[in-house]
Amino acid sequence: MSEGADHGGGAGAAAWSRGGSPGGDGFAPSALGTREHWDAVYERELQTFQEYGDTGEIWFGEESMARLIRWMQNHKIPLDASVLDIGTGNGVFLVELVEDFLNPSTELSGFHICIDKGTFDAISLNPDNAVEKRKQYVKSLSRVLKVKGFFLITSCNWTKEELLNEFSEGFELFEELPTPRFSFGGRSGNSVAALVFQKT
């Protein structure tokens, strides 16, 4: 959440209890940071889809998907660009991306674009050495993303400034995407941060 605004909704809402900055192990450990939790969530969503045809939750809402697709269209990302959706979840975003924008590819070499909508948030809540897992995430991202490739991240747990710090090695801020703003108690901010980094 940006600029001191209240954390409403999303994976981080239940677990937001850090007293200081995330420079240390600042997030309270949570089941939201474990693979077992997310395996169970998506198993339930798969069962619901099979029984009722309901695709499940769209992480950060439909506007978050539209925001990322608009950015790709505005920057004329080629239709054959390779895209990695980190932490795909139920796959709704990938379906939308293929239907509206990209031609699917089976090649798993270096990616032109990597997208994260909440996975870094979940990793930050891991009860087993989250600081090291965040560092591992950044290293892995750097390995799979091509030089000058783009990394689009949407987060409800991290501010713009904190994300700039977390991705300071090997990445530079390319653009901040506009997200809805709100005011409460005389302060205003955003409930999510959405940034585009470019690999250097």
Side-chain angles (χ1 to χ4, degrees), residues 1-2 5 7-14 32 37-39 41-50 52-108 111-125 137 140-141 144-146 149-160 163 166-167 171 173-182 189-199:
M1 182 170 79
S2 298
H7 285 272
L32 294 170
H37 170 79
W38 293 107
D39 284 348
V41 166
Y42 292 118
E43 180 63 33
R44 284 191 305 272
E45 284 200 3
L46 179 60
Q47 184 177 356
T48 302
F49 176 74
Q50 290 169 340
Y52 307 105
D54 182 355
T55 56
E57 182 175 355
I58 299 172
W59 209 244
F60 293 113
E62 288 186 23
E63 172 53 29
S64 68
M65 292 191 309
R67 179 185 311 117
L68 300 176
I69 292 171
R70 259 192 323 270
W71 183 88
M72 293 171 74
Q73 291 169 332
N74 290 341
H75 287 81
K76 299 184 178 12
I77 301 299
L79 295 178
D80 62 350
S82 55
V83 177
L84 174 64
D85 185 15
I86 301 169
T88 300
N90 61 14
V92 173
F93 178 66
L94 283 179
V95 170
E96 189 73 22
L97 198 59
V98 170
E99 287 180 0
D100 289 356
F101 186 71
L102 293 176
N103 297 317
S105 171
T106 57
E107 192 170 328
L108 295 176
F111 290 92
H112 296 99
I113 297 176
C114 291
I115 297 170
D116 181 328
K117 293 191 308 92
T119 301
F120 190 70
D121 287 348
I123 288 170
S124 301
L125 303 173
Y137 176 104
S140 297
L141 174 65
V144 301
L145 189 61
K146 291 184 175 187
F150 294 106
F151 170 54
L152 289 72
I153 183 168
T154 303
S155 172
C156 64
N157 280 358
W158 297 85
T159 65
K160 172 186 175 182
L163 288 171
E166 289 292 309
F167 294 94
F171 298 90
L173 180 64
F174 183 80
E175 185 174 349
E176 180 177 7
L177 301 178
T179 57
R181 295 184 60 79
F182 67 92
N190 305 70
S191 58
V192 298
L195 304 178
V196 179
F197 288 95
Q198 189 167 32
K199 182 178 172 182

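Looking at residues two or more places apart in sequence or on another chain, you find no side-chain hydrogen bond (donor to acceptor under 3.5 Å, both in side chains) involving Glu43. Among residues two or more places apart in sequence or in another chain, the salt bridge (Lys or Arg N to Asp or Glu O under 4.0 Å) test is passed with Glu63 by Arg70. With sequence neighbours excluded, the residues that form a ring pair (Phe, Tyr, Trp, His ring centres under 6.0 Å) with His75 are Trp71, Phe174. Residues forming a ring pair (Phe, Tyr, Trp, His ring centres under 6.0 Å) with Phe197 (at least two apart in sequence, or on another chain): Phe167.
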Apply the test side chain to side chain contact (heavy atoms under 4.5 Å, CB included) to residues Leu145 and Phe171: give CA-CA distance (whole Å), side-chain angles for both, the deciding distance (0.1 Å), then the verdict. CA-CA 11 Å; Leu145 189 61; Phe171 298 90; 3.8 Å; yes

Step-by-step side chain to side chain contact (heavy atoms under 4.5 Å, CB included) determination, Leu68 to Leu177: CA-CA 9 Å; Leu68 300 176; Leu177 301 178; 3.9 Å; yes

Under the criterion side chain to side chain contact (heavy atoms under 4.5 Å, CB included), I'd like the reasoning laid out for Met72 against Val83: C-alpha separation, chi angles, the key distance, then a yes or no. CA-CA 11 Å; Met72 293 171 74; Val83 177; 4.0 Å; yes

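Judged by distance alone, the side chain of Asp116 and the main-chain N or O of Gly118 form a donor-acceptor pair under 3.5 Å. Panel note: side chain Ser82, backbone His112; a donor-acceptor pair is recorded below 3.5 Å.
Rounding to the nearest 0.5 Å gives a distance of 9.5 Å between CZ of Phe120 and CG of Leu141. Atom CG of Asp85 sits about 11.5 Å away from atom CD1 of Ile113, to the nearest 0.5 Å. Rounded to the nearest 0.5 angstrom, Leu163 CG and Leu195 CG are separated by 5.5 Å. Separation of atoms CD1 (Ile86) and NZ (Lys117) is listed at 12.0 Å; rounding is to 0.5 Å. Distance check, rounded to the nearest 0.5 Å: CZ of Arg67 to OG1 of Thr154 gives 5.5 Å. The structure places CG of Leu152 at 11.0 Å from CD1 of Ile69, a figure rounded to the nearest 0.5 Å.
Residues Cys156 and Asp121 share a closest heavy-atom pair of N-OD2, 2.8 Å.
No side-chain heavy atom of Lys160 sits under 4.5 Å from any side-chain heavy atom of Asn190.
Judged purely by distance below 3.5 Å, without hydrogens or angles, the side chains of Ser124 and Asn157 never pair a donor atom with an acceptor atom.
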